There are 2 protein chains.
Amino acid sequence: MCNAIENRDLGRLAELATVVDIAPGRVFIEEGGAADSFFNVTAGTARLFKLLPDGRRQITGFAGSGHFLGLAMSTVYAFGAEAIDQVRVCRFARPKLLRLLDDFPAMEKRLLDVASGELIAAQEQMLLLGRKTARERLASFLVARGRTGVAREHTRILLILPMTRGDIADYLGLTIETVSRTFTRFRIEGLIALPSSSEVLLLDAPALQQLGDGLNWRRQLT
Amino acid sequence: MCNAIENRDLGRLAELATVVDIAPGRVFIEEGGAADSFFNVTAGTARLFKLLPDGRRQITGFAGSGHFLGLAMSTVYAFGAEAIDQVRVCRFARPKLLRLLDDFPAMEKRLLDVASGELIAAQEQMLLLGRKTARERLASFLVARGRTGVAREHTRILLILPMTRGDIADYLGLTIETVSRTFTRFRIEGLIALPSSSEVLLLDAPALQQLGDGLNWRRQLT
DNA sequence: CGCACACTTGAACCCCCTCAACCCAAGTGG
DNA sequence: CCACTTGGGTTGAGGGGGTTCAAGTGTGCG
């Protein structure tokens, strides 16, 4: 079912939506393709990305449950989207949705809120990409993941990362190797533990927070 | 007068607005400050930026005439704003504006469009900051400036840049020196001319376009 | 005239990238 | 059951694009 949109008051929305399941690795939004659909992720995680002609990739975000996709009031998609794991989305035909927006100003306000939030996140990411070091980038990433947090026990936070090192690298403007090396250094420094390659246990979230905020420039144990 | 908002139909808006003139160098939006106002730039150019504690700065955009500021539906500003040259804005008290939005759904739709456009631009900038080389970044910047273009004569385009090299550097995630050196290289390669330090004449816009899009990896005359 | 500020240019360095090898777990097929 | 493959991850050595540090060049304005 298509929850996560808003309160049940908008039951009529469900009539316009079709549930779609997307297999891992499947690209379901093509950058530059006609933007005829609007999506609401209800399960799984997708990577959103932009490409350069020679293959360089920038991941602009990860869309998890509750995330909206394609809200850009544009005729073509500005980015691609690809399922990381098994993804389920609610798909809306854009023309119907737009017509519906006129009847539900509350929905429009909600979308504006969402877009504003995304804009703020995008500006934060620009700061990260333009001015932070590799250590700071990864620390910011881990702390941000911890906030939309999963299992937290005391001061420790266990993250489960559905994306690969390559995804993280392309999200943070680094290479796979640098991400891997930085993970290792964090582990050596006692900031994190790595139970498995897709799990990260934050051992010192405050220190990581400071590091990500650009405060720490101590603790450079090389 | 406060034009540039929309069509004259919204004359009532003007009643809520106060025109404010801002001297060059003046910070009129403080990052983290209470977001009690909404601005519409009507003259001049402002830099929008985020700071790290140690002074590192990322400029997230330049706001020229017609640009909206503070549309983030947030309680605090996510970025600072500083006048580059003499700036004139329309200032709206946020509470009044929000109340007004309920009466004018068209206005809300307009804001959603604006936010969507900014989001697309932000994603493009993430690609630039995360994956492009210094040459590609500067080329992208110049071409983008050319599109919101000023005087264009034949195939040549004359840009007048109100911002300093430092601003450009902080916008592109580079240093002043790299920006300056890249300007010089472009000049030597015949891509641009530099009548003065604040003027750039694009001599080969298509080549710059390709370079900025990540196509050119020829023309590396070192 | 001279200070301030922006810009340019040069030389040395360094953080991160590139290239390459290796490890490991999960298939897959003989 | 094991050889082989495949994909993700880690680690090492070397190199390079951009930074850092420093000096020099305008240029507007008191």
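The structure presented is a predicted model; accordingly, all values stated were derived computationally and were not measured.
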Please check this pair: side chain of [X] against backbone of [Y], looking for a donor-acceptor N/O pair closer than 3.5 Å.
X	Y	result
B:Arg94	B:Phe38	no
B:Glu136	B:Asp213	no
B:Lys132	B:Gly214	no

Please classify the nucleic acid contact of A:Thr164 as base, sugar-phosphate, or nothing, using heavy-atom distances under 4.0 Å. sugar-phosphate
Which part of the nucleic acid, if any, lies within contact of A:Gly173, taking any heavy atom under 4.0 Å across all strands shown: a base, the sugar-phosphate backbone alone, or nothing? sugar-phosphate
Find the distance [X]:[atom1] to [N]:[atom2] and express it as a whole number of Å.
X	N	atom1	atom2	result
B:Glu136	D:dG17	CD	P	12 Å
A:Asp170	D:dG9	CG	P	12 Å
B:Arg165	D:dT25	CZ	C1'	14 Å
B:Ile176	D:dA23	CD1	P	18 Å
B:Leu138	D:dG17	CG	C1'	15 Å
A:Arg187	D:dT10	CZ	C1'	10 Å
A:Arg185	D:dT11	CZ	P	13 Å
A:Asp167	D:dG7	CG	P	15 Å

If you compare every side-chain N and O of [X] against the phosphate oxygens of [N] (OP1, OP2), does one of them come in below 4.0 Å?
X	N	value
B:Ser197	D:dT27	no
B:Arg181	D:dG18	no
A:Ser180	D:dT10	yes

Side chain of B:Leu174 only, please: which of D:dT11, D:dG18, D:dG9 is the nearest?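 Among D:dT11, D:dG18, D:dG9, the one nearest the side chain of B:Leu174 is D:dG18.
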With respect to the side chain of B:Glu177, which nucleotide from D:dT10, D:dC21, D:dT19 is positioned closest? D:dC21
Would you call the rings of B:Phe39 and B:Phe28 parallel, tilted or perpendicular if under 30° counts as parallel and over 60° as perpendicular? perpendicular
Please confirm whether any donor atom in the side chain of A:Arg131 sits under 3.5 Å from an acceptor in the base of D:dT19, or the reverse.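 Check fails, no donor-acceptor contact within cut-off.
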Do B:Arg26 and B:Asp21 meet the salt-bridge criterion of a basic N to acidic O distance under 4.0 Å? no
Would you mind writing out the side-chain donor-acceptor pairs for residues 171-179 of chain B within the sub-3.5 Å range, not counting sequence neighbours?
unit_1, atom_1, unit_2, atom_2, d
B:Thr175, OG1, B:Thr178, N, 3.3
B:Thr175, OG1, B:Thr178, OG1, 3.1

Need two values: the first and the last nucleotide of DNA chain C, 5' to 3', having an atom under 4.0 Å from any heavy-atom of chain B.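 Listing 5' to 3', DNA chain C meets chain B from C:dC7 to C:dA11.
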Have A:Ser180 and A:Arg165 got a donor and an acceptor in their side chains that come within less than 3.5 Å? no
